[in-house]
2 protein chains.
Amino acid sequence: MTIDVGAHLKAVRTLHGLSQRELAKRAGVTNGLISLIEQNRVSPSVSSLKKVLDGIPMSLADFFTLDEVQGPDVFFDKETLPDLGSGPVSLRLVAARRGNRAMAILQERYQPGADTGEDMLSHRGEAGGIVCRGEIEVTIGSQSRILGPGDAYYFSSSTPHRFRNLGTEVCEIVSACTPPTF
Amino acid sequence: MTIDVGAHLKAVRTLHGLSQRELAKRAGVTNGLISLIEQNRVSPSVSSLKKVLDGIPMSLADFFTLDEVQGPDVFFDKETLPDLGSGPVSLRLVAARRGNRAMAILQERYQPGADTGEDMLSHRGEAGGIVCRGEIEVTIGSQSRILGPGDAYYFSSSTPHRFRNLGTEVCEIVSACTPPTF
DNA sequence: TGCCTTCGTCCATTATATTAGACAGCCAAT
DNA sequence: ATTGGCTGTCTAATATAATGGACGAAGGCA
């Protein structure tokens, strides 16, 4: 999916009834830059594009998601779910592909020995999940525990955390977090 | 909603078990650039970031929509999870019982022949889930579909919905809904 | 110990994004 | 026909992203 950032920005801008100069003023950039971006004469930096979109306003996630095919938003085949990692830890995302979702649902698979590491990002919001298969050691701040099938966790996501599969079996978790924008 | 592009890229990259150099080679950029991006010393152009993500591979939309799964504050043993019914449809509730949870997470088990009936209660909010085991027919509004392991659904709770296990095997689903209206 | 490889970071140069301001075209009201 | 305000485009200067190569640290192996 080749993204035509320029045409896309122009469409979004005009849809909101803004001129290049109006948007530039709101965004804190020059009108010339917006002109150049819309002609695809430059590829804006993420920070610049974010400034521009803030003037609309629109999130980066929404901007890049608008191009995606608008399939039925109720069912998701597992083949079409975005795969985030084919390594020791794999994630498959259900919702949150569109910006207006209230939450995201993930299927996580941890290979034996898999370790998310200590320095995971954390933001506002809450998250929780249920272990479906296998066992996994979950560490939150100072607390640590090994969860098995049927066990669960729930937390507000501002705490450092870590998932480690210490066993010899694959561990599967289904989790949800809200809000889905980070 | 300031996005930490650097930390996010690093998380995504390491989740895929790639080194900066490996990813750089796949993406057709230099390892130094990836280093600089991950340190937030530069804000990459959209074209550069796209090249980098193509090496993973991951779409820009997914990159800006997704973030890491967060860690837990609270653990739940499966024995302590409230069991809502032991009939053809059983539910085990993870969160939402205590305090002001943002959402509820449920483990649902449908025996063969189980049927939630036609007009499920509907409230405000959204719900979604992933099938973990077995198969189930899910009807949302006018759409109907049979989902298997790994398949998923997502809908706003005001839409009438129905779950029926037409097969001979137990079906397990992990679902989440917000706000927790149970 | 020494050698080799891979890791991530850093520096100087080059390529490119961004700015400030000028320009032509268009429409409405003199 | 002007003036004024608006549109989007373009150019030269400047800020910054991106490159290619060098560096030290860490790990495996002789």
Side-chain angles (χ1 to χ4, degrees), chain A residues 2-60 63-64 85-89 113-121 160 162 164, chain B residues 2-60 63-64 68:
Chain A
T2 300
I3 297 189
D4 187 346
V5 174
H8 197 178
L9 175 59
K10 182 167 188 171
V12 167
R13 174 177 63 81
T14 52
L15 262 177
H16 285 256
L18 294 171
S19 70
Q20 291 183 348
R21 279 183 163 83
E22 277 179 282
L23 178 54
K25 192 171 159 190
R26 294 195 192 192
V29 300
T30 57
N31 59 306
L33 175 59
I34 293 185
S35 174
L36 293 173
I37 292 174
E38 292 189 354
Q39 298 170 79
N40 285 319
R41 293 171 55 94
V42 298
S43 177
S45 69
V46 170
S47 58
S48 295
L49 182 57
K50 180 172 193 325
K51 281 200 277 185
V52 171
L53 293 178
D54 281 346
I56 288 184
M58 171 178 289
S59 74
L60 285 163
F63 182 79
F64 286 110
S86 44
V89 180
D115 186 350
T116 59
E118 293 212 27
D119 54 341
M120 303 289 291
L121 325 172
R162 179 181 198 177
R164 281 197 298 171
Chain B
T2 300
I3 295 189
D4 187 344
V5 173
H8 196 173
L9 175 59
K10 181 169 191 171
V12 168
R13 174 176 62 82
T14 53
L15 261 177
H16 284 256
L18 294 170
S19 70
Q20 290 182 347
R21 280 183 164 83
E22 279 179 282
L23 178 54
K25 193 172 158 191
R26 295 194 192 193
V29 300
T30 57
N31 58 306
L33 174 59
I34 294 184
S35 175
L36 294 173
I37 293 174
E38 292 189 354
Q39 297 171 276
N40 284 321
R41 293 170 55 99
V42 300
S43 177
S45 69
V46 169
S47 58
S48 297
L49 182 58
K50 181 170 193 325
K51 280 199 276 184
V52 170
L53 293 178
D54 282 346
I56 287 184
M58 173 179 289
S59 74
L60 285 163
F63 181 81
F64 286 110
E68 300 311 310

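The figures here come from the full heavy-atom set of this structure, side chains too, leaving out hydrogens, waters and symmetry mates. A note on names: the letters A, B, ... follow the listed sequences, proteins ahead of strands, and every chain is numbered from 1.
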Inset, instruction - Write down the distance between CG (B/Leu23) and C1' (C/dG8), rounded to a whole number of angstrom. - result: 14 Å
Inset, instruction - Could you state the atom-to-atom distance from CD of B/Glu38 to P of C/dT9 in whole Å? - result: 7 Å
Legend entry - Per-nucleotide protein contact string for nucleotides 12-26 of chain C (B base, S sugar-phosphate only, - none; heavy atom under 4.0 Å): -----SBBS-B----
Inset, instruction - Output yes when at least one side-chain N/O atom of B/Gln20 is less than 4.0 Å from OP1 or OP2 of C/dT9, else no. - result: yes
Legend entry - Atom pair distance, as rounded to whole Å: NZ in B/Lys25 and P in D/dT19: 16 Å
Legend entry - Bend angle of the helix from C/dT1-D/dA30 to C/dT30-D/dA1, from helix axes over five pairs at each end, nearest 10°: 20°
Legend entry - Within residues 25-36 of chain A or reaching into it, pairs that qualify as side chain to side chain donor-acceptor pair (under 3.5 Å) - sequence neighbours excluded: A/Ser35-A/Gln39
Inset, instruction - Looking only at side-chain atoms of B/Glu22, point me to the closest of C/dC7, D/dG8, D/dC10. - result: C/dC7
Inset, instruction - Would you confirm whether A/Arg41, through its side chain, and A/Leu36, through its main-chain N or O, come within 3.5 Å as a donor-acceptor pair? - result: no
Legend entry - Nucleotide C/dG8, atom C1' - distance to CG of B/Leu9 in whole Å: 14 Å
Inset, instruction - Quick one: pull up NZ in B/Lys51 and CG in B/Leu33 and give me the separation to the nearest 0.5 Å. - result: 8.5 Å
Inset, instruction - Look up atom CG in A/Leu23 and atom CG in A/Leu53, then write down how far apart they are to the nearest 0.5 Å. - result: 8.5 Å
Legend entry - Side-chain N,O (B/Arg13) to OP1/OP2 (C/dG8) below 4.0 Å: yes
Inset, instruction - Identify whether any heavy atom of A/Ser19 sits under 4.0 Å from a base atom; if not, whether one sits that close to sugar-phosphate; answer base, sugar-phosphate or nothing. - result: sugar-phosphate
Inset, instruction - Take atom CD of A/Gln39 and atom P of D/dG8, then tell me their distance rounded to the nearest Å. - result: 11 Å
Legend entry - Criterion side chain to side chain contact (heavy atoms under 4.5 Å, CB included) against A/Phe63, the qualifying member of A/Leu9, A/Val52, A/Ile56: A/Leu9
Legend entry - Matching residue for A/Val46 among B/Ile37, B/Val42, B/Leu60, B/Leu49 - test: side chain to side chain contact (heavy atoms under 4.5 Å, CB included): B/Leu49
